[in-house]
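A short write-up of the structure that comes next.
Residue indices begin at 1 and follow the sequence shown.
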Amino acid sequence: MYEREIPARANRRRRSRRRKKSPMPAIALVVAAVAFITALKMPQDAPDEPQNAAAIPVTAISASGDLNDTGSSGLLPDPRGAEPSLPGAAVPYVDKDSWELLLVNPWNPLPEDYTLTLKELYNGHAVDERCYDELTAMLDACKAEGLSPLVCSSYRSQSKQEALYENKVERLVSQGWSREDAKVEAAKVVALPGTSEHQLGLAVDIVDLNHQLLDESQESTDVQQWLIAHSWEYGFILRYPNDKSEITGIIYEPWHYRYVGKDAAKEIHDAGVCLEEYLGAA
């Protein structure tokens with residue numbers, strides 16, 4: 001009797017264990033089914049990572065206006081037909097053919113067919129009549145501040161420029177310079193005939209009546225300080241600034257002013273450049 005009851009109890013235990021384990025496979029099947037259905041509902045063409053912005057064609061970005069239409073060069077064509085310039089350049093469109101911006105320097109002589117009409121100032125001085133009104137207005141404004149500007153040089157003829165240049169050469173020779181070296185050195189102070197802005201009639205040398213020296217000390221006079229601050233308002237620029245001699249070919253002259261027109265004068269003043277740089281001829 002005892003021996004027959006033991007297997008019966010064991011069988012009951014085994015049946016009990018089988019009934020407790022039986023729900024697990026069903027649950028697993030349900031979970032797997034749910035996962036499978038969820039996977040079927042997910043979009044199958046979604047990329048694993050966001051698309052790299054660098055892969056977007058430049059032309060597509062340009063069309064939206066976010067980049068310029070020139071692609072990799074970065075050069076923007078000027079709408080008025082000028083040569084392309086770099087975006088954000090200090091100097092905008094420049095009409096190099098305008099009479100106010102005619103470039104005359106050691107590398108760009110006065111055109112042979114250049115003509116002008118002179119208008120007298122005083123003491124025998126004269127300038128191109130096209131800058132006369134602005135020059136006199138500038139001088140009058142300076143005088144209104146209690147200062148004493150004096151025009152000591154203005155328009156020069158070819159013969160006058162030749163005489164000034166030869167005189168400087170001879171003085172250097174008398175100081176021991178060879179004639180060849182004297183010619184080179186003289187040209188740094190007195191422009192070679194045919195390359196002087198004074199021959200344009202658009203340049204004047206202005207000094208302080210109380211300090212009539214053509215050297216760097218002229219910069220510290222009240223007249224020059226006023227002109228440096230205000231000449232651009234009348235269309236004039238300090239033509240040969242300090243630290244620009246290698247570009248202009250002329251020594252620093254804090255007395256030489258050149259008429260370039262009000263718009264150009266303001267742009268040159270604001271950008272802190274010389275005329276060669278402004279014209280892209282540096």
Side-chain angles (χ1 to χ4, degrees), residues 68-70 73-119 121 126-139 141 153-156 158 161 191-192 194-206 227-250 253 255-282:
N68 64 70
D69 293 330
T70 57
S73 69
L75 294 177
L76 293 173
D78 190 278
R80 288 163 288 190
E83 295 179 358
S85 58
L86 288 174
V91 178
Y93 170 81
V94 177
D95 182 5
K96 298 179 182 179
D97 295 327
S98 65
W99 62 271
E100 305 104 314
L101 298 177
L102 182 59
L103 180 62
V104 172
N105 62 16
W107 309 279
N108 296 274
L110 191 74
E112 293 183 1
D113 60 350
Y114 183 77
T115 60
L116 73 159
T117 301
L118 293 173
K119 190 167 184 177
L121 293 169
V127 293
D128 187 318
E129 65 176 359
R130 293 172 291 186
C131 72
Y132 177 87
D133 290 342
E134 293 297 346
L135 175 59
T136 54
M138 181 174 72
L139 295 173
S153 186
S154 54
Y155 169 75
R156 297 176 191 163
Q158 176 74 5
Q161 191 66 30
L192 284 168
T195 69
S196 172
E197 282 197 331
H198 285 286
Q199 293 179 251
L200 283 173
L202 301 175
V204 288
D205 291 343
I206 305 175
L227 290 173
I228 290 171
H230 299 284
S231 61
W232 63 271
E233 298 171 8
Y234 301 87
F236 286 83
I237 59 170
L238 182 64
R239 178 64 178 90
Y240 304 119
N242 203 1
D243 300 328
K244 300 289 185 180
S245 296
E246 291 185 2
I247 299 174
T248 64
I250 303 296
E253 293 188 356
W255 58 82
H256 183 110
Y257 292 86
R258 156 74 190 268
Y259 184 77
V260 294
K262 288 185 177 181
D263 291 341
K266 183 180 187 306
E267 290 165 356
I268 290 171
H269 173 269
D270 292 348
V273 297
C274 63
L275 184 58
E276 282 79 5
E277 292 172 308
Y278 180 72
L279 296 175

If we ignore hydrogens and angles and just use 3.5 Å, is the side chain of [X] paired with the main-chain N or O of [Y] as donor and acceptor?
{"X": "Glu134", "Y": "Cys131", "value": "no"}
{"X": "Arg258", "Y": "Glu100", "value": "yes"}
{"X": "Ser231", "Y": "Ile228", "value": "no"}
{"X": "Ser245", "Y": "Ile250", "value": "yes"}
{"X": "Thr195", "Y": "Ala191", "value": "no"}

Which heavy atom of [X] sits nearest to which heavy atom of [Y], and what is that distance?
{"X": "Val127", "Y": "Ser154", "result": "CG1-CB, 4.2 Å"}
{"X": "Phe236", "Y": "Leu202", "result": "CE2-O, 4.2 Å"}
{"X": "Gln199", "Y": "Tyr155", "result": "O-CE1, 3.5 Å"}
{"X": "Leu238", "Y": "Glu253", "result": "CD1-O, 3.5 Å"}
{"X": "Ile268", "Y": "Val273", "result": "CG2-O, 3.1 Å"}

### Query
What orientation do His256 and His198 show, parallel under 30°, tilted 30 to 60°, or perpendicular over 60°?
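Answer is perpendicular, since the angle exceeds 60°.
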### Query
Just how far is it from atom CD1 of Ile206 to atom OH of Tyr257, taken to the nearest 0.5 Å?
6.5 Å
### Value rounded to 0.5 Å, distance of OH in Tyr240 from CD in Glu197
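So the OH of Tyr240 and the CD of Glu197 are separated by 4.0 Å.
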### Task
Apply salt bridge (charged side-chain N to carboxylate O under 4.0 Å, His left out) to Asp263 and list each qualifying residue two or more places apart in sequence or on a separate chain.
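Expected list: none.
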#### Entry: For His269, all residues meeting ring pair (Phe, Tyr, Trp, His ring centres under 6.0 Å), sequence neighbours excluded
Trp232
What side-chain donor-acceptor pairs closer than 3.5 Å can you find for residues 105-112, not counting sequence neighbours?
residue : atom : partner : partner atom : Å
Asn105  : OD1  : Trp107  : N            : 3.0
Asn105  : OD1  : Asn108  : N            : 2.8
Asn105  : OD1  : Asn108  : ND2          : 2.8
Asn105  : ND2  : Glu276  : OE2          : 3.1

### Test log, rule side chain to side chain contact (heavy atoms under 4.5 Å, CB included), inputs Trp99 and Leu200
CA-CA 10 Å; Trp99 62 271; Leu200 283 173; over 6 Å; no
